Q: 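Could you have a look at this structure, given as structure tokens, before my questions?
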Amino acid sequence: YEAAGFSPVDLAKELTTFADYYDIIRGHSPENSPKVDRALKHLRSLESSTTYPLLLNLFHRRAKGELTSDDLAKCLKMLCGFIMRRFICGMSSRGYGRSFVKACDALALGGSTAFALFNYLEAKGWPDALQFESSFRNFNLYERGYGRFILETLELAHEHKEPANTSAAEIEHIMPQTLSEAWKKDLGADAERIHSEWLHTPGNLTISAYNRELWNNPFSEKKAQYAQSNIVMTRKLSESAKWGEDEIRSRGQGLAEMASQVWFGPAGIKKYI
């Protein structure tokens with residue numbers, strides 16, 4: 001500003017305007033669009049403050065009439081999908097601070113803001129469905145960040161009219177962290193390998209408020225309690241006759257496909273822009 005010359009009054013007005021955007025982005029002020037509000041809450045859960053310069057740019061574009069609220073929500077969903085997919089696929093977030101600032105330059109080239117952001121993110125390495133689902137199925141979800149958030153988000157993806165309250169729920173290992181003799185017998189000769197490979201993966205995890213009661217009981221006992229759960233993904237477990245490698249792999253693939261719809265990839269979002 002000093003080099004270019006500026007009006008202190010105009011600068012103060014600009015700072016105030018962007019401070020207002022910033023409070024909405026952080027959730028300190030209300031957002032009027034329900035779609036944008038939902039997408040913002042999702043993005044906040046990823047704790048990616050490196051997106052803030054880009055978000056300020058997008059909010060200002062909306063204020064100037066260059067971007068509708070619907071398109072802003074799409075842009076936020078793209079960022080959520082980009083960040084989550086790369087996280088699950090083990091791709092580095094180290095350059096995000098610089099990348100998201102440079103995205104603002106890409107948007108300044110003109111044309112559709114949403115399409116320009118799509119092209120920019122795709123060029124920066126946005127995993128496709130095949131790569132994401134394969135990584136998700138085998139991902140150590142329990143010992144990495146976002147575990148509970150991911151499971152709760154997948155539960156909400158069932159679109160219940162009366163979603164269960166998951167505030168008291170914790171991550172539950174279906175095949176328990178400590179194998180009892182009964183579990184070893186049920187899993188068979190490869191029990192130790194199965195336990196080592198699949199314990200913390202999405203297919204073996206759910207959410208429940210009854211972790212202590214479930215503990216490392218045999219699956220035949222756990223499934224009776226699962227059947228009483230208000231949480232859909234947990235209640236569905238009672239439909240399985242047994243629990244082993246095949247069941248964990250199959251459920252993991254199902255959750256991976258669901259996650260692929262929640263956290264959009266290039267193919268998933270392209271039809272909306």
Side-chain angles (χ1 to χ4, degrees), residues 42 45-48 79-94 96 121-122 124-158 166 169-179 183-184 186-208 211 214 216 219 222-223 226 231-234 236-237 239-269:
H42 200 129
S45 296
L46 300 181
E47 300 177 347
S48 185
L79 289 170
C80 289
F82 179 82
I83 293 168
M84 180 58 78
R85 285 192 174 216
R86 286 178 57 90
F87 170 72
I88 293 294
C89 292
M91 301 167 78
S92 176
S93 61
R94 192 166 297 169
Y96 282 177
L121 295 178
E122 187 176 37
K124 288 297 179 181
W126 192 354
D128 61 20
L130 184 63
Q131 183 182 1
F132 174 67
E133 290 173 18
S134 176
S135 297
F136 188 90
R137 187 178 61 246
N138 299 286
F139 190 72
N140 185 333
L141 190 59
Y142 183 70
E143 294 181 328
R144 298 289 301 277
Y146 306 140
R148 175 171 170 161
F149 165 69
I150 288 173
L151 292 171
E152 288 185 335
T153 302
L154 293 178
E155 170 65 15
L156 290 173
H158 288 99
T166 60
E170 298 175 301
I171 295 179
E172 148 76 357
H173 288 78
I174 305 160
M175 173 180 63
Q177 297 192 67
T178 302
L179 289 181
W183 268 100
K184 290 178 182 178
D186 288 345
L187 292 172
D190 286 337
E192 295 299 335
R193 177 190 62 79
I194 295 169
H195 191 256
S196 175
E197 290 182 12
W198 297 99
L199 177 63
H200 297 316
T201 63
N204 189 54
L205 301 177
T206 190
I207 45 179
S208 172
N211 290 42
L214 293 164
N216 65 345
F219 183 72
K222 282 191 170 190
K223 66 179 291 185
Y226 291 153
I231 298 172
V232 173
M233 68 161 54
T234 303
K236 282 186 173 182
L237 293 167
E239 298 171 4
S240 297
K242 59 186 180 68
W243 198 254
E245 186 171 26
D246 290 343
E247 289 75 21
I248 296 172
R249 184 188 292 110
S250 176
R251 182 170 179 268
Q253 180 59 37
L255 291 176
E257 292 170 5
M258 186 182 294
S260 192
Q261 296 299 313
V262 173
W263 291 284
F264 285 113
I269 195 69

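This one's a predicted model, so the numbers in the text were calculated from it and none came from an experiment.
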Q: Check ring-ring contact (aromatic ring centres under 6.0 Å, His included) between Trp243 and all other residues, then give those that pass, not counting sequence neighbours.
A: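 ring-ring contact (aromatic ring centres under 6.0 Å, His included) list for Trp243, sorted by chain: Phe219.
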Q: If the condition is side chain to side chain donor-acceptor pair (under 3.5 Å), which residues does Lys236 pass it with, not counting sequence neighbours?
A: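 For Lys236 there are no side chain to side chain donor-acceptor pair (under 3.5 Å) partners, ignoring immediate neighbours.
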Q: Would you say the side chain of Lys222 lies within less than 4.5 Å of the side chain of Glu172, judging by non-hydrogen atoms?
A: yes
Q: Spell out, as yes or no, whether a donor-acceptor pair under 3.5 Å connects the side chain of Lys184 to the backbone of Leu179.
A: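 No, Lys184 side chain to Leu179 backbone: no donor-acceptor pair under 3.5 Å.
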Q: Without swapping roles, check the side chain of Asn204 against the backbone of Met175 for a donor-acceptor pair under 3.5 Å.
A: yes
Q: Mind checking side chain to side chain contact (heavy atoms under 4.5 Å, CB included) for Glu170 and listing every partner two or more places apart, or none if nothing turns up?
A: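 Partners of Glu170 by the side chain to side chain contact (heavy atoms under 4.5 Å, CB included) criterion, ordered by chain and then number, come out as Asn211.
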Q: Looking at every heavy atom in both Leu141 and Pro202, which two are closest together, and how far apart are they?
A: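 Heavy-atom minimum between the residues: CD2-CG, 4.0 Å.
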Q: Mind checking the CG-CG spacing from Leu46 to Leu79? Nearest 0.5 Å is all I need.
A: 9.5 Å
Q: Return the set of residues passing side chain to side chain donor-acceptor pair (under 3.5 Å) with Ser48 (not counting sequence neighbours), or none when no residue passes.
A: Thr50
Q: Whether the side chain of Arg85 engages the backbone of Pro127 through a donor-acceptor N/O pair (distance < 3.5 Å, no angle test) should be reported.
A: yes
Q: I'd like to know if the side chain of Trp183 and the backbone of Ala191 have a donor-acceptor N/O pair within less than 3.5 Å.
A: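 Side chain of Trp183 to backbone of Ala191: no pair is present.
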Q: Apply side chain to side chain contact (heavy atoms under 4.5 Å, CB included) to residues Ile88 and Ile150 and explain how you reach the verdict.
A: CA-CA 11 Å; Ile88 293 294; Ile150 288 173; 4.1 Å; yes
Q: State which residues pass ring-ring contact (aromatic ring centres under 6.0 Å, His included) with Tyr142; sequence neighbours excluded, sorted by chain then number.
A: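 Residues passing ring-ring contact (aromatic ring centres under 6.0 Å, His included) with Tyr142: His173, His200.
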Q: So if I apply the side chain to side chain contact (heavy atoms under 4.5 Å, CB included) rule between Leu151 and each of Leu156, Leu205, Thr166, which one comes out positive?
A: Leu205
Q: I'd like to check the side chain to side chain donor-acceptor pair (under 3.5 Å) partners of Thr234; sequence neighbours left out, ordered by chain and number.
A: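 Thr234 satisfies side chain to side chain donor-acceptor pair (under 3.5 Å) with Thr206 once adjacent residues are dropped.
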Q: Going by atom types alone, do Gln261 and Glu257 pair a side-chain donor with an acceptor below 3.5 Å?
A: no
Q: For the atom pair NZ (Lys124) and OH (Tyr96), what is the distance rounded to the nearest 0.5 Å?
A: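 Reported to 0.5 Å precision, the distance equals 11.5 Å.
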Q: For His42, which residues count as a ring-ring contact (aromatic ring centres under 6.0 Å, His included) partner, sequence neighbours excluded?
A: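 ring-ring contact (aromatic ring centres under 6.0 Å, His included) list for His42, sorted by chain: Phe149, Trp263.
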Q: Look up atom CG in Leu130 and atom OG in Ser135, then write down how far apart they are to the nearest 0.5 Å.
A: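 It comes to 9.0 Å.
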Q: Is there a donor-acceptor pair under 3.5 Å between the side chain of Lys242 and the backbone N or O of Asp186?
A: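 Judged by distance alone, no pair lies under 3.5 Å.
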Q: Just to verify, what does Gln131 make a side chain to side chain donor-acceptor pair (under 3.5 Å) with, not counting sequence neighbours?
A: none
Q: Begin with the C-alpha distance, continue with both residues' side-chain angles, and end with the deciding distance and a verdict on side chain to side chain contact (heavy atoms under 4.5 Å, CB included) for Phe136 and Thr201.
A: CA-CA 8 Å; Phe136 188 90; Thr201 63; over 6 Å; no
Q: Distance from Arg86 atom CZ to Ser93 atom OG, nearest 0.5 Å?
A: 8.0 Å
Q: Give every residue pair that meets the salt bridge (charged side-chain N to carboxylate O under 4.0 Å, His left out) criterion with at least one member in residues 135-150, sequence neighbours excluded.
A: Arg148-Glu152
Q: Rounded to the nearest 0.5 Å, what separates atom CG in Asn138 from atom CD in Gln253?
A: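 Separation between the atoms: 9.5 Å.
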Q: For the residue pair Gly203 and Ile174, what are the closest heavy atoms and their distance?
A: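 Shortest heavy-atom separation between Gly203 and Ile174 comes out as O-CD1, 3.9 Å.
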Q: Kindly compute the distance separating CD1 (Ile83) from CD (Glu47), expressed to the nearest 0.5 Å.
A: 11.0 Å
Q: Ignoring hydrogens, what is the shortest heavy-atom contact between Pro266 and Trp126? Give both atom names and the distance.
A: CG-O, 3.5 Å
Q: Taking all heavy atoms of Leu187 and all of Gly244, pick out the closest pair and write down the distance.
A: CD2-CA, 3.9 Å
Q: Sequence neighbours left out, what passes salt bridge (Lys or Arg N to Asp or Glu O under 4.0 Å) with Glu197? Give chain and number order.
A: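 Partners of Glu197 by the salt bridge (Lys or Arg N to Asp or Glu O under 4.0 Å) criterion, ordered by chain and then number, come out as Arg193.
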Q: State which residues pass salt bridge (Lys or Arg N to Asp or Glu O under 4.0 Å) with Asp128; sequence neighbours excluded, sorted by chain then number.
A: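 Once residues adjacent in sequence are excluded, Asp128 has no partner under the salt bridge (Lys or Arg N to Asp or Glu O under 4.0 Å) criterion.
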Q: By ring-ring contact (aromatic ring centres under 6.0 Å, His included), which residues pair with Phe139, not counting sequence neighbours?
A: Phe87
Q: Indicate yes or no: at least one non-hydrogen side-chain atom of Asn216 is less than 4.5 angstrom from one of Gln177.
A: no
